[in-house]
Number of protein chains: 2
Amino acid sequence: MNIDAASKGISRATIKDVAKHANVSVATVSRVINKNGQVAKGTSDRVWIAISELKYTPHAAAKGLRSHRTQTVGFLVPEISAPFQFPLLRGIEMIARKSGYSLLIHATEDIPLLSQPLRPIGEHNTDGLLVLVGSLTEEEILYFYRLKFPIVLICQSAPQSLDIPTILFENKSGAKKIVDHLIEVHGYRRIAFLRGPAKMEDSYWREQGYYESLKAHQIPIDLNLIGMGEFDEEAARITVKNWMKEKLEFDAIFAGDDESAIGAILAIHDMGKRVPQDIAVVGFDDVYLTHARIPPLTTVRNPIVEMGQKAMQQLVQLIQTGIADMKTLLPTELIIRHSCGCTDNTSE
Amino acid sequence: MNIDAASKGISRATIKDVAKHANVSVATVSRVINKNGQVAKGTSDRVWIAISELKYTPHAAAKGLRSHRTQTVGFLVPEISAPFQFPLLRGIEMIARKSGYSLLIHATEDIPLLSQPLRPIGEHNTDGLLVLVGSLTEEEILYFYRLKFPIVLICQSAPQSLDIPTILFENKSGAKKIVDHLIEVHGYRRIAFLRGPAKMEDSYWREQGYYESLKAHQIPIDLNLIGMGEFDEEAARITVKNWMKEKLEFDAIFAGDDESAIGAILAIHDMGKRVPQDIAVVGFDDVYLTHARIPPLTTVRNPIVEMGQKAMQQLVQLIQTGIADMKTLLPTELIIRHSCGCTDNTSE
DNA sequence: CTGAAAGCGCTTACAG
DNA sequence: CTGAAAGCGCTTACAG
């Protein structure tokens with residue numbers, strides 16, 4: 001029992017205590033716990049009993065300092081925001097726990113990591129990083145790349161085509177599917193698009209899918225029908241309200257994500273019109289509560305939990321073996337509910 | 001540059017490198033970084049320059065091993081689930097970051113912490129824990145208490161009235177407020193209640209508030225009007241559907257939380273009735289998207305982000321000074337929208 | 001199969 | 001104001 005610990009009222013058993021209690025050396029205790037090296041069955045049993053009796057668990061810092069492994073990974077987000085990140089976190093946490101990694105979460109909030117004298121997260125306190133789009137600058141990504149520090153990018157391709165593993169949704173085909181549906185099933189021709197933030201790849205590819213569907217159906221692109229949705233409820237609401245005030249004509253809105261779809265629906269109600277009778281609205285993502293809206297939202301389902309799992313699996317592999325898949329594309333699924341004008345779906 | 005690091009392709013600067021570069025001892029570098037001890041201005045400047053040039057940041061494990069501080073806290077949840085936890089995480093992360101603590105998140109998933117040979121989270125890798133109701137057993141809470149290891153309980157009182165800091169919502173008065181509203185403004189007399197999980201304090205106190213309001217208005221308690229909501233959309237939906245099939249009469253439903261309120265609304269629609277024209281529904285929490293429902297949900301707003309902030313502030317204080325407020329009660333606010341039958345509210 | 005010993009990168013009395 | 005040295009709790013060659 002050391003003085004420091006005692007002064008804090010904490011007296012934790014160390015590997016030394018376990019060794020003494022089991023009448024072996026600390027090296028043997030270490031071998032038993034880490035299941036490396038040969039240990040006689042009887043010895044190993046004694047050690048496990050000692051561990052259990054002393055309620056011993058290895059000190060993470062000591063282990064990390066010696067072994068150069070923190071058994072910890074970091075999840076970087078630009079800021080904590082709910083609808084999309086939660087299923088992602090769920091998938092990540094699930095695999096992290098199963099793989100024996102602790103999970104650190106950190107919001108970068110536009111504060112450069114390297115500029116801080118005591119960096120909040122990085123190679124000094126994790127074995128690898130999961131980087132959600134928007135959380136790191138290209139420069140910061142390059143910093144980790146040059147260090148050969150394991151990172152996996154989520155919803156963002158590697159800059160300069162570097163070999164950094166990336167997980168993406170099949171945005172273009174998903175977008176095409178839902179616009180095809182609006183055109184082929186419902187006969188809409190004037191379909192507005194609410195685009196997401198300019199720099200986001202998800203947004204770019206969804207827009208491409210929208211164009212592709214229009215083109216395939218010989219519908220000319222009308223730039224007046226393309227507005228800022230910003231993947232944001234309030235921004236979308238304002239855009240759609242303005243459209244309606246300007247008497248812009250459209251019979252359906254393809255919102256770049258569900259957040260903006262909800263903003264669109266709210267705007268349409270604000271203006272005294274109905275969804276989908278007057279204007280149909282569809283979204284993208286299928287996040288929390290879209291099924292429980294009235295009308296239930298037709299959207300493209302992204303396998304977000306699976307994305308978190310895949311990302312974490314790739315990171316674990318990268319840390320442990322040095323290799324991982326450079327590009328993982330996750331397929332999307334068209335979810336037809338009522339906001340597009342369909343009424344006879346049985347699913348919920 | 002050591003062999004281990006080189007083999008991983010990583011060569012991180014250490015405090016020794018900084019010391020050499022600045023022509024001082026490692027002790028001095030340590031003093032500069034931690035701003036303890038006296039250091040001459042010129043010396044300190046040289047050290048900072050060296051740190052910046054070498055892109056040095058202290059190795060967390062080494063620091064933790066030596067100083068007995070991990071500068072990390074853990075957030076324990078029973079499982080990752082969205083609506084309530086996200087604003088909580090947001091508040092927690094905000095204060096953790098500002099206070100210089102890293103944040104570990106871990107879902108206990110009913111797996112006892114102490115039973116695991118390598119414990120995923122605890123006194124060996126954090127300085128303190130934020131414990132969300134349902135994530136730890138009483139025995140585990142007692143384990144940390146006896147160790148004098150700092151923990152703060154969220155939405156749960158300390159077992160055996162121990163002196164463990166706790167953060168709670170003012171559930172009873174919040175529930176009373178919203179039931180009062182249903183009775184006094186809308187004249188409803190037959191108000192059903194969807195209770196939450198039996199063991200949750202939040203649920204218990206909301207039920208007490210419901211009784212108190214009924215009593216204050218001389219409305220007898222009808223146990224037929226009380227059913228399982230379980231703070232769960234699907235459970236509530238089934239309960240309300242059954243009520244309606246059994247021709248139970250009620251003109252309003254007070255759901256124990258927003259999740260069950262949404263289940264109730266869905267059930268009422270399933271049965272071909274309207275909210276609020278046929279049956280009014282109100283919830284509790286004011287989580288994500290309740291404002292954007294149709295009809296917008298009347299509910300009691302819990303200051304969830306603030307709860308996360310308060311909890312983290314208490315934990316930091318407890319870690320650093322050993323003292324904290326034993327009980328923090330956060331006031332709630334009645335949010336009147338349309339699902340109760342009100343129509344002329346201006347807010348959104 | 002087992003142990004003695006070096007050392008991971010820091011902090012902190014202690015001495016000056 | 002500064003430095004030399006001990007030591008935090010582990011893991012890992014090395015030797016036997």
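Proteins come first, then strands; the chains are lettered A, B, ... in the order of their sequence lines, and each starts at number 1.
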* Comparing A/Val29 and B/Ala62 on DNA chain D - which has the more 5′ nearest nucleotide -> B/Ala62

* Asked: Any luck finding a side-chain donor-acceptor pair between B/Asn34 and B/Lys63 under 3.5 Å?
  -> yes

* To do: From the options C/dG9, C/dT11, D/dT11, select the nucleotide whose nearest atom is closest to the side chain of A/Leu65.
  => C/dG9

* Is the base of D/dG9 touched by the side chain of A/Arg12 through a donor-acceptor pair closer than 3.5 angstrom? -> no

* Asked: Counting side-chain heavy atoms from C-beta on, which of D/dA6, C/dT2, D/dG3 comes nearest to A/Val39?
  -> C/dT2

* From D/dC1, D/dG3, D/dA6, nucleotide with atom closest to B/Arg66 side chain -> D/dA6

* Length of the line joining A/Leu54:CG and D/dG9:C1', which is rounded to integer Å -> 15 Å

* To do: Rounded to the nearest angstrom, tell me the gap between atom NZ in A/Lys41 and atom C1' in C/dT2.
  => 18 Å

* Asked: Atom NE2 of B/His68 and atom P of D/dC8: how far apart are they, to the nearest Å?
  -> 8 Å

* To do: Quick one: label A/Ala27 by what it contacts on the DNA or RNA (base, sugar-phosphate, nothing), any heavy atom closer than 4.0 Å.
  => base

* Most 5' of A/Gln38 and B/Lys63 on DNA chain C, judged by nearest nucleotide -> A/Gln38

* Nucleotide nearest A/Val24 (side chain, heavy atoms from C-beta), chosen from C/dG3, D/dT2, C/dG9 -> C/dG3

* **Basic-acidic side-chain contact under 4.0 Å: B/Glu79, A/Arg90** => no

* If you check every side-chain atom of B/His59, which of D/dC10, D/dT2, C/dC10 has the closest atom? -> C/dC10

* When the distance from CZ of A/Arg69 to P of D/dT11 is rounded to whole Å, what number comes out? -> 14 Å

* C/dT11 phosphate, OP1 or OP2: any side-chain N/O from B/Asn34 under 4.0 angstrom? -> yes

* To do: Write down the distance between NZ (A/Lys16) and C1' (D/dC10), rounded to a whole number of angstrom.
  => 11 Å

* Once you round it to whole Å, what is the distance between C1' of C/dT11 and CD of B/Gln71? -> 14 Å

* Residue A/Tyr56, side-chain heavy atoms: nucleotide from D/dT2, D/dC10, C/dC10 that is nearest -> D/dC10

* Asked: Looking only at heavy atoms, which two atoms of B/Ile15 and B/Tyr56 are closest? And how far apart?
  -> N-CE1, 3.5 Å

* **For A/Arg46 against A/Asn23, the heavy-atom pair lying closest together** => NH2-O, 3.8 Å

* **For C/dG3, the Watson-Crick or wobble partner whose two distances fall under 3.5 Å** => D/dC14

* Rounded to whole angstrom units, what separation is found between the NZ atom of B/Lys20 and the P atom of D/dT2? -> 20 Å

* To do: Could you tell me whether the side chain of B/Arg31 has a donor or acceptor atom within less than 3.5 Å of a complementary atom in the base of D/dG3?
  => yes

* Structure fact -> Of D/dT2, D/dG9, C/dT2, the nucleotide closest to the side chain of A/Thr28 is C/dT2

* To do: Give a yes or no on this: more than 12 heavy atoms of other residues, nucleotides or ligands lie within 6.0 Å of atom CD of A/Glu109.
  => yes

* Integer-rounded Å distance: C/dT11 C1' and B/Lys35 NZ -> 16 Å

* For D/dC10, does either OP1 or OP2 sit under 4.0 Å from a side-chain N or O belonging to A/Ser67? -> no

* **Ion pair check, A/Arg97 and A/Glu93, cut-off under 4.0 Å** => yes

